[in-house]
Number of protein chains: 2
Amino acid sequence: MARAATTSDAFNAVAEPRRRDILNYLAMQERSVSDIVDAMEMEQPSVSKHLKVLKDVGLVEVRREGRQMLYKVNAMAIRPLHEWTSTFERLWKHQLLRIKERAEAKNEEKK
Amino acid sequence: MARAATTSDAFNAVAEPRRRDILNYLAMQERSVSDIVDAMEMEQPSVSKHLKVLKDVGLVEVRREGRQMLYKVNAMAIRPLHEWTSTFERLWKHQLLRIKERAEAKNEEKK
DNA sequence: AATATACATTCCTATATGGGAATATGTAAA
DNA sequence: TTTACATATTCCCATATAGGAATGTATATT
């Protein structure tokens, strides 16, 4: 079997750094494709293809305005990623605490 | 160009659902490969290969104990994902607020 | 030393890219 | 109705899987 499709879920879709760049850019406000092309410095077909992937997994929404297509983020679709990573938050906080404790113990030694 | 390697970063590594399953399992405690094989109901070579990807991006750490290799999560490596998703938190909270407001307005109508 | 156990690695293959180039589609302007 | 503009789609190809099968390697047991 090959790798799962980029359109299979949000996890696969955001694995591509350019798509995260696009989402970051759209986080500020709704934008046209050509705005994105200019900002990202990518070829227009590439941008359109990335936008298609993002749309397929529900990470962006589109509406037409004249000749332009205006894209915006659908933040709700990012929530599952946030929630999955949150389940590990307790672990890394604990890890950070231990690092801090060690640093303090080392400091105590010096005295 | 093809898709970026699964070992290029944590985003690509966790795109694969089986690897997230493994991380979820390891979140509870350090485990041997055969423990993982049993729990995940996957073939041992598959598990070993997924573990290699996770290790390459720093998502897990290993130590040997006799014949066994004990793997554990390195939660710190998940933080970048958490932080990236957090930048959209404001947006979905705003979205949820609007949904709530609409529901209340609709309720008001009924009266 | 021989054998068993626990993992890792290699080889194979179907599949899904992402980018570049070219082209198609849809809408507005002249 | 041409023409221009904005975006989407198609074709091509090098590349990287993920899983299955087979094999290699390290450590412990007998």
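This structure is a prediction, so every number in the text was calculated from the model and none was measured.
There is no side-chain donor-acceptor pair under 3.5 Å between B:E83 and B:T87.
The NZ atom of B:K49 sits 11 Å away from the P atom of D:dA21 (whole-angstrom rounding). The distance between atom CG of B:D9 and atom P of D:dA16, rounded to the nearest whole Å, is 15 Å. B:R63 has its CZ atom 12 Å from the P atom of C:dC7, to the nearest Å. Going from atom CG of A:D56 over to atom C1' of C:dA16 covers 14 Å, rounded to whole Å. In this structure, CZ of A:R19 is placed 5 Å from P of C:dG18, rounded to the nearest angstrom. In this structure, CD of B:E16 is placed 5 Å from P of D:dA18, rounded to the nearest angstrom. Put simply, NZ on B:K52 is 13 Å from P on D:dA18, counting in whole angstrom units.
Taking every side-chain heavy atom of B:Q44 into account, C:dA8 is the closest of C:dA8, D:dA21, C:dG19. The side chain of A:S46 lies closest to C:dG19 when the candidates are C:dT17, C:dG19, D:dG19. When the nucleotides D:dG19, C:dG20, D:dT15 are ranked by their closest atom to the side chain of B:A2, D:dT15 comes out on top.
In summary, B:E61 and B:R63 do not engage in a salt bridge, as defined by a charged side-chain N under 4.0 Å from a carboxylate O. Salt-bridge annotation for B:R79 and A:E89: absent, with no side-chain N of the basic residue lying under 4.0 Å from a carboxylate O of the acidic one.
The number of heavy-atom neighbours closer than 6.0 Å to CE of A:M1, taken from other residues, nucleotides and ligands shown, is 12 or below.
Considering only side-chain N and O atoms, A:R64 lies under 4.0 angstrom from the phosphate OP1 or OP2 of C:dT27. Close to C:dT17, at under 4.0 Å from its OP1 or OP2, lies a side-chain N or O of A:T6. In terms of phosphate contacts, A:S48 brings no side-chain nitrogen or oxygen within less than 4.0 Å of OP1 or OP2 of D:dT7. Distances shorter than 4.0 Å separate none of the side-chain N or O atoms of A:Y71 from OP1 or OP2 on D:dA6.
If you find the closest nucleotide of DNA chain C to A:G66 and to A:M42, the one lying nearer the 5' end belongs to A:M42. The 5' end of DNA chain D is approached more closely, in terms of each residue's nearest nucleotide, by A:V47 than by the other of A:V47 and A:M1. When each of A:A4 and A:H50 is assigned the nucleotide of DNA chain C with its nearest heavy atom, A:A4 is the one assigned upstream, toward the 5' end.
Within the 4.5 Å cutoff, side-chain heavy atoms of A:N12 are placed close to those of B:R3.
Residue B:V60 forms a side-chain contact (heavy atoms from CB on, under 4.5 Å) with just one option from B:I22, B:L23, B:N74, and that option is B:L23.
Under the 30°/60° scheme for interplanar angles, the aromatic rings of A:H82 and B:H82 are found to lie parallel.
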Please list, for nucleotides 3-6 of chain C, all pairs of protein and nucleotide N/O atoms separated by less than 3.5 Å.
| from | atom 1 | to | atom 2 | distance (Å) |
| --- | --- | --- | --- | --- |
| C:dT5 | O4' | B:R67 | NH1 | 3.3 |
| C:dA6 | O3' | B:R67 | O | 3.4 |

